[in-house]
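In what follows, a single structure is set out as structure tokens and then discussed.
A quick note: this is a predicted structure, and the numbers were derived from the prediction, not measured.
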Amino acid sequence: MPLSNPPSAVFLQFTKWPEAGKVKTRLMPELGPVGALEAHIRLTLKVLDNLCATGYPVEFWWDREEDEPTAEALPILEEVEGAGLIQMVQQGNSLGERMEAALGLSLQEYDRALIVGSDCPSVDPDYARHAVACLADHDVVLGPSDDGGYVLIGASRVVEGMLDDIEWGTPEVLKQTCERLEKAGLSYFLLEPRWDVDEPGDWARFLGSR
């Protein structure tokens with residue numbers, strides 16, 4: 001059910017273009033390239049369902065632009081287009097640059113913008129809505145993940161360079177992000193930790209949670 005008079009906020013779902021051998025590579029030893037692709041698609045659709053259930057607008061941000069849709073992408077494209085979502089392409093060399101650019105662009109139209117990755121099915125609608133509420137009192141909200149990164153980042157204010165020089169994909173991501181935010185003069189709030197899907201054990205956890 002849509003929220004009554006919600007604050008102006010938008011969710012941005014970041015995802016990789018679905019291509020066998022290029023997505024969920026850490027699942028490939030167990031699932032193979034096609035199985036890892038299928039896992040990527042299932043996770044992407046689960047995250048999409050969760051975000052659409054929040055009652056807030058959702059935009060879908062691809063990691064690259066493709067001239068022609070591929071058969072591999074059709075399950076996702078059908079859901080995204082069927083829901084009438086805006087589709088965008090991430091801009092920037094590093095993940096930090098891409099997230100900062102997307103948040104900054106969205107904040108030109110909305111008061112609050114939040115990014116969730118497509119491998120973060122533990123970000124359920126209540127968790128996502130709570131993140132929006134936390135931005136009433138903080139510049140940035142982060143949803144820590146069990147592996148030292150985060151499953152969600154939201155902002156009501158962006159400062160240039162606030163996500164620079166972070167060692168993405170390492171256990172230091174959350175710690176370094178907090179340090180960068182403090183240096184940029186931004187206040188932040190940490191939500192309860194959640195899990196994402198990178199390793200075979202994470203995938204088994206996802207299957208068991210359905």
Side-chain angles (χ1 to χ4, degrees), residues 9-28 31 33-54 56-110 112-123 125 128 131-132 142-143 145 149-155 158 162-164 166 168-169 173 177 194 196-198 202-203 206:
V10 62
F11 281 96
L12 317 177
Q13 182 173 345
F14 267 35
T15 197
K16 290 183 177 180
W17 188 266
E19 182 179 350
K22 298 290 183 67
V23 293
K24 306 314 301 172
T25 54
R26 281 183 273 180
L27 298 182
M28 285 170 51
L31 302 181
V34 174
L37 170 66
E38 291 172 349
H40 170 73
I41 292 171
R42 288 182 63 180
L43 290 166
T44 299
L45 294 178
K46 176 59 177 175
V47 172
L48 180 61
D49 284 346
N50 283 345
L51 295 183
C52 287
T54 63
Y56 289 101
V58 177
E59 295 180 359
F60 205 81
W61 287 65
W62 297 101
D63 68 331
R64 68 179 195 255
E65 191 167 12
E66 291 289 330
D67 294 331
E68 296 291 337
T70 60
E72 295 172 325
L74 283 180
I76 297 173
L77 288 170
E78 288 173 355
E79 290 292 326
V80 170
E81 292 170 359
L85 303 186
I86 292 173
Q87 297 183 62
M88 303 287 285
V89 178
Q90 302 164 31
Q91 302 293 329
N93 295 319
S94 69
L95 177 58
E97 288 179 3
R98 296 196 296 271
M99 292 196 299
E100 182 187 317
L103 291 170
L105 183 64
S106 297
L107 289 176
Q108 295 178 20
E109 183 176 355
Y110 295 90
R112 307 169 193 181
L114 304 95
I115 295 172
V116 178
S118 289
D119 57 357
C120 304
S122 62
V123 178
V132 174
L142 296 164
S145 63
Y150 37 90
V151 296
L152 174 152
I153 180 170
V158 166
M162 63 186 247
L163 298 175
D164 283 356
I166 292 172
W168 302 104
V173 169
T177 299
R194 287 292 187 268
D196 56 10
V197 177
D198 289 318
D202 305 323
W203 177 242
F206 169 68

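For Glu97, there are no salt bridge (charged side-chain N to carboxylate O under 4.0 Å, His left out) partners two or more places apart in sequence or in a different chain. The salt bridge (charged side-chain N to carboxylate O under 4.0 Å, His left out) search around Asp196 returns none, not counting sequence neighbours. By the side chain to side chain donor-acceptor pair (under 3.5 Å) test, Arg98 is found to be paired with Gln90, residues two or more places apart in sequence or in another chain being considered. Phe60 pairs by the ring pair (Phe, Tyr, Trp, His ring centres under 6.0 Å) definition with Trp62, not counting sequence neighbours.
Heavy-atom minimum distance, Val151 versus Ser145: CG1-CB, 3.7 Å. Heavy-atom minimum distance, Leu114 versus Ala131: CD2-CB, 3.6 Å. Of all heavy-atom pairs spanning Ala9 and Val132, the tightest one is CB-CG1, 3.9 Å. Minimum heavy-atom separation, Ser106 to Ala113: CB-CB, 3.7 Å. Contact record, Pro75 with Leu45: O-CD2, 4.0 Å, taken as the closest heavy-atom pair.
A distance of 13.5 Å separates CD of Gln91 from CD of Glu100, quoted to the nearest 0.5 Å. Note that CH2 of Trp168 and CG of Leu95 are 4.5 Å apart. Values are rounded to the nearest 0.5 Å. Atom-to-atom distance recorded for Leu85:CG and Trp61:CH2 is 13.5 Å, nearest 0.5 angstrom. Expressed to the nearest 0.5 Å, how far CZ of Phe206 lies from OG of Ser122 amounts to 10.5 Å. Interatomic distance, CG of Leu31 versus OG1 of Thr25, reported as 11.5 Å (0.5 Å rounding). Expressed to the nearest 0.5 Å, how far CG of Asn50 lies from OG1 of Thr54 amounts to 9.5 Å.
For the pair Asp119 (side chain) and His40 (backbone), a donor-acceptor distance under 3.5 Å is absent. Counting only distance, with no hydrogens or angles, the side chain of Lys24 and the backbone of Val197 share a donor-acceptor pair below 3.5 Å.
In this structure, Cys120 and Arg194 have side chains that are not in contact, with every pair of non-hydrogen atoms separated by 4.5 Å or more. In this structure the side chain of Ile41 reaches within 4.5 angstrom of the side chain of Ile76, judged on heavy atoms.
Summarising the local packing, CD1 of Ile86 is surrounded by 12 or fewer heavy atoms from other residues, nucleotides or ligands at distances under 6.0 Å.
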Derivation of the side chain to side chain contact (heavy atoms under 4.5 Å, CB included) call for Leu152 and Leu142: CA-CA 6 Å; Leu152 174 152; Leu142 296 164; over 6 Å; no
Chi angles and distances behind the side chain to side chain contact (heavy atoms under 4.5 Å, CB included) call for Leu51, Val116: CA-CA 9 Å; Leu51 295 183; Val116 178; 4.0 Å; yes
Leu163 and Thr177: CA distance, side-chain angles, deciding distance, side chain to side chain contact (heavy atoms under 4.5 Å, CB included) verdict: CA-CA 6 Å; Leu163 298 175; Thr177 299; 3.8 Å; yes
Working for side chain to side chain contact (heavy atoms under 4.5 Å, CB included), residues Val10 and Glu109: CA-CA 9 Å; Val10 62; Glu109 183 176 355; over 6 Å; no
Exercise answer: donor-acceptor pairs, residues 11-22 side-chain atoms, under 3.5 Å, sequence neighbours excluded:
unit_1	atom_1	unit_2	atom_2	d
Gln13	OE1	Leu48	N	3.4
Gln13	NE2	Thr44	O	3.0
Gln13	NE2	Ser118	OG	2.9
Thr15	OG1	Ser118	OG	3.1
Glu19	OE1	Arg64	NH2	2.6

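For residues 71-85, there are no side-chain hydrogen bond (donor to acceptor under 3.5 Å, both in side chains) pairs, not counting sequence neighbours.
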